[in-house]
Every structure is written in structure tokens, then in C-alpha cells.
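Report on one structure; see the data block that follows.
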Amino acid sequence: MRKICVVTSTRAEYGIMTRLIENLYQDKDINFQLIATGMHLSKKFGHTIDEITQPITKKIDIEIEKEPAHSLALTIERFNEAFKELNPDIIVILGDRYEIMGVAQAAMLNNIPIAHIHGGETTEGAIDEAIRHSITKMSHLHFTSCEEYRKRVIQLGENPERVFNVGSLGVENIKKIPLMKKEELEKSLDFKFNKHNLLVTFHPVTLESNSDEQFKEMLGALNELEDTNIIITYPNSDSGNDEIIKMIKDFDNSHDNVKSYTSLGMKRYLSTIQYVDAVVGNSSSGILEVPSFKVATINIGNRQKGRIQANSVINCKPNKEEILNAIRDAQTKDFSETKSPYEKEETADNILKILKETNLDKIVKKCFYDII
């Protein structure tokens, strides 16, 4: 029986992988292992391990609230020990977080095959760019969200037979998971939707030194809006999050139309998108998931620069006037014809099938694939 180990470290990535994780857990032909780490174990970031519904094989604390380099070192050390104990046949990881790179390094040092989801993408404004491609080079099976990204993984020297364009798991969630009705959602959030509504998620911009200034500019724009209620979710654990969290708390406390949350959880987050005029900030969800709702995204700054975008994404510089104009633009335009470039059929099922059927013998020995 094949032992497949999934590692999750954040609310966002667990939400994206929810259906895949559940399918792996329910499959009787799989010995399923689930490791929770990173922000899941932190009260500061909502202790989102409480949102994980499947049995957790192991919890690994990497002291995520400390410096990234410290957490990365702990990740390699503690996952090295965990993988020796659990001895999985293959691990499954998603994305481009620094702690996920540490997980990949620990697996590589133990000759454990790695399946990587969402490789080949580009985000020129964040260190995630380098981390994502590094994980690709350590991985052995690749599940990309569109064809252009599949080609980029191959361009990095990966064998085309091991690179699969399966679409986005997060986009598939929108179609497969029953979302909450407005009244139920309002009760759950203790929040009333207004004539206009916005959902805001802004993360530190790790290759720029002025994340707090960019966030101030965005708050300045939000402060100008009328008849608009605003939901703000906390940023991730990247350096600079403390300043942003403080500003969120101050803005929430001084505005009756604003409510902030450490984490909405996947179901409430996706449900909220249904009832807002736009999703504002610099999160990848604004590029990947939001367009499938035919709702506008106000994408601020360079953090997501390079990703393939739908026509519902409005890009703007991180200054008050441009952000304000973009929001007003979003409130007047019709995006009902929007098509997401990340939609494909049966994404989770296709990943599961490949994980079960791929011959893992000698897969850790890779040859660089040259494009002629």
C-alpha cells in the first residue's frame, strides 16, 4: 500500500488542497499521512490547525513567528526526523513558502520523491519566485495550473513525462464545495453586507522594503469610500507582517464599517467573494480563484507580477489615488463574461490518479531534460 504524505503549513494552501487531501484520506488503497506545521500551529495567525478536518499524523512546530531563516533551519531539522520515522513513499507539497522549501530539502536528503503543485508560476515581486523554482528542481512529479506553466517547468529541465497540466485545485473548489448563503455567512462573520463591499488581503512584499507604506496607501484609499463595508484578513508570516497587523487592528478599531479576521477559513473566504464588489490586495487568490466568481480583483503593486491573469484583474500601483480609481472602476464594470485561465475538469481526481499509478522506482534519479 503506497504511503502518501501531504504537508500543509498555511490556511491558504490547506484550503486549496482540501478536496485532494480528503480524496487521499478516503482512498482505501493509500496509507495516508498528514503533517501540519507552520502558521497552522500559531495563535497569532489564527491557529488554523483547528480547521483541518482529516486526522493529523504529526504536528511539527517550526517557530514560524520568529525570523524566516530560523524557521527554515528548524523545518529541515525536524522534518528530517519526521521523514525518517514515517518513511513515506512520496510527499505532496504546494506552492512557494520558505518553510515548504525546507520540507522539500528534508525529503530530498532522505531520497523521498516529491510531488509539487503550482510550479512554473512567476511572482516577480516576492522571494517566492526563487523558492518556487528551487522546489521544482527538487521535485519529481509536477502538477501545474495551466499549460504555460507546464512549459516553464519543462524549460527548467524537468522531463515532460513527469509534468502535468491539471488546472487549479482552488478553482475546482469553487465548483465542488457548497458555499454559504448570505444570511448564514453574515451570522458566521458577525458582519452585515452593505450596498458596496470589499474583501482585502495584503501580504508583505518580500523583495521591496516599503510594504508598510504600500499598505498605508491602500488604507488611505479605503478610507475615502462611502456606503462600503470592508472585510480584512491578516497577512501571512513573511517578514513585515507585524506592522501590517498593527495597522489592520487600528483601522478596524477606528471604523464601524470594517471588520478584520486572522483567518476566514477556505469556505467562508470563498463564500465572501460572492457578495463583494472586488477583492483588494496582493494575494495570489485574487489572480487564481476570484476570476471564477466573475468578481473584480484590485491587484496592488508587483507581488503577483508575472502571473497569467483574467480580464477581471485590475492592476494598479501602490498609491492611494490609483487604488481608489481601480476600486471605483471595479464597482462600475461588468465582468460577467470573465473566463479563468486556471479552470480544468477533475483536477483533484487527476492528481490522485497520477500519485497512485506512477512508478516510483528510481524516480529520485533525475536527468536534466534539454530543450532542443
Side-chain angles (χ1 to χ4, degrees), residues 2 4-7 13 16-17 20 72 75-76 79-80 83 88-169 206-207 284 287-288 302 304-309 341-348 350-372:
R2 180 162 292 183
I4 299 179
C5 178
V6 176
V7 180
E13 143 250 79
I16 290 169
M17 289 197 291
L20 174 63
L72 177 58
T75 301
I76 297 170
F79 272 84
N80 177 60
F83 288 147
D89 295 311
I90 188 168
I91 70 161
V92 181
I93 52 178
L94 181 147
D96 43 39
R97 297 276 311 159
Y98 58 84
E99 66 271 22
I100 291 300
M101 180 171 68
V103 172
Q105 288 173 293
M108 177 184 67
L109 293 172
N110 284 280
N111 290 326
I112 298 169
I114 301 167
H116 182 217
I117 301 169
H118 274 290
E121 301 176 13
T122 57
T123 48
E124 297 174 18
I127 60 171
D128 304 357
E129 171 82 358
I131 292 171
R132 186 184 309 107
H133 300 326
S134 297
I135 294 173
T136 289
K137 291 310 302 174
M138 289 184 274
S139 299
H140 308 88
L141 295 178
H142 310 271
F143 301 106
T144 69
S145 59
C146 62
E147 186 60 26
E148 183 172 325
Y149 298 151
R150 177 180 179 271
K151 291 176 180 177
R152 187 171 288 127
V153 169
I154 295 168
Q155 184 180 338
L156 286 166
E158 297 302 296
N159 189 327
E161 294 180 2
R162 304 272 190 246
V163 189
F164 307 92
N165 170 21
V166 294
S168 166
L169 284 166
T206 47
L207 287 181
S284 61
I287 310 297
L288 295 171
N302 294 320
Q304 299 300 332
K305 186 178 179 182
R307 286 195 194 272
I308 296 169
Q309 300 181 354
Y342 299 100
E343 290 186 14
K344 282 184 78 72
E345 296 295 323
E346 306 305 328
T347 300
N350 287 333
I351 294 174
L352 174 61
K353 184 174 185 291
I354 293 165
L355 287 172
K356 287 179 65 173
E357 295 181 359
T358 298
N359 185 351
L360 301 179
D361 293 342
K362 301 179 181 178
I363 197 173
V364 294
K365 290 185 177 181
K366 297 200 304 183
C367 296
F368 194 95
Y369 182 84
D370 291 310
I371 299 175
I372 300 174

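What you see is a predicted model; the values in this text were computed from it and never measured. Each residue takes its place number in the sequence, starting with 1.
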What distance do [X] atom [atom1] and [Y] atom [atom2] have between them, rounded to the nearest 0.5 Å?
| X | Y | atom1 | atom2 | result |
| --- | --- | --- | --- | --- |
| Leu352 | Thr347 | CG | OG1 | 12.5 Å |
| Leu169 | Leu20 | CG | CG | 5.5 Å |
| Lys137 | Glu158 | NZ | CD | 4.0 Å |
| Asn350 | Ile354 | CG | CD1 | 6.0 Å |
| Thr358 | Leu141 | OG1 | CG | 5.0 Å |
| Cys5 | Asp89 | SG | CG | 10.5 Å |

Side-chain donor or acceptor of [X] paired with backbone N/O of [Y] under 3.5 Å:
| X | Y | value |
| --- | --- | --- |
| Thr144 | Gly119 | no |
| His116 | His142 | no |
| Arg2 | Ile90 | no |
| Tyr98 | Ile127 | no |
| Thr75 | Gly102 | no |
| Asn159 | Glu161 | yes |
| Tyr342 | Ile308 | yes |

Derivation of the side-chain contact (heavy atoms from CB on, under 4.5 Å) call for Met138 and Gln105: CA-CA 7 Å; Met138 289 184 274; Gln105 288 173 293; 3.7 Å; yes
Show the nearest heavy-atom pair for residues [X] and [Y], with the distance to one decimal.
| X | Y | answer |
| --- | --- | --- |
| Ile287 | Gln309 | CD1-NE2, 4.0 Å |
| His133 | Thr122 | NE2-CG2, 4.5 Å |
| Tyr149 | Arg307 | OH-CA, 3.4 Å |
| Pro113 | Ile363 | CG-CG2, 3.6 Å |
| Met101 | Ile131 | CB-CG2, 3.8 Å |
| Leu156 | Phe368 | O-CE1, 3.3 Å |

Can you confirm whether [X] is buried at [atom1], in the sense that more than 12 heavy atoms of other residues, nucleotides or ligands lie under 6.0 Å from that atom?
| X | atom1 | result |
| --- | --- | --- |
| Lys366 | NZ | yes |
| Lys353 | NZ | no |
| Lys151 | NZ | no |

Steps toward side-chain contact (heavy atoms from CB on, under 4.5 Å) verdict (Thr123, Arg132): CA-CA 9 Å; Thr123 48; Arg132 186 184 309 107; 2.9 Å; yes
side-chain contact (heavy atoms from CB on, under 4.5 Å) evaluation trace for Leu94 with Phe143: CA-CA 9 Å; Leu94 181 147; Phe143 301 106; over 6 Å; no
Side-chain H-bond candidate by donor/acceptor type, Arg152 with Thr136, under 3.5 Å: no
Val166 and Lys344: CA distance, side-chain angles, deciding distance, side-chain contact (heavy atoms from CB on, under 4.5 Å) verdict: CA-CA 7 Å; Val166 294; Lys344 282 184 78 72; 5.7 Å; no
Chi angles and distances behind the salt bridge (charged side-chain N to carboxylate O under 4.0 Å, His left out) call for Glu147, Arg150: CA-CA 5 Å; Glu147 186 60 26; Arg150 177 180 179 271; 3.3 Å; yes
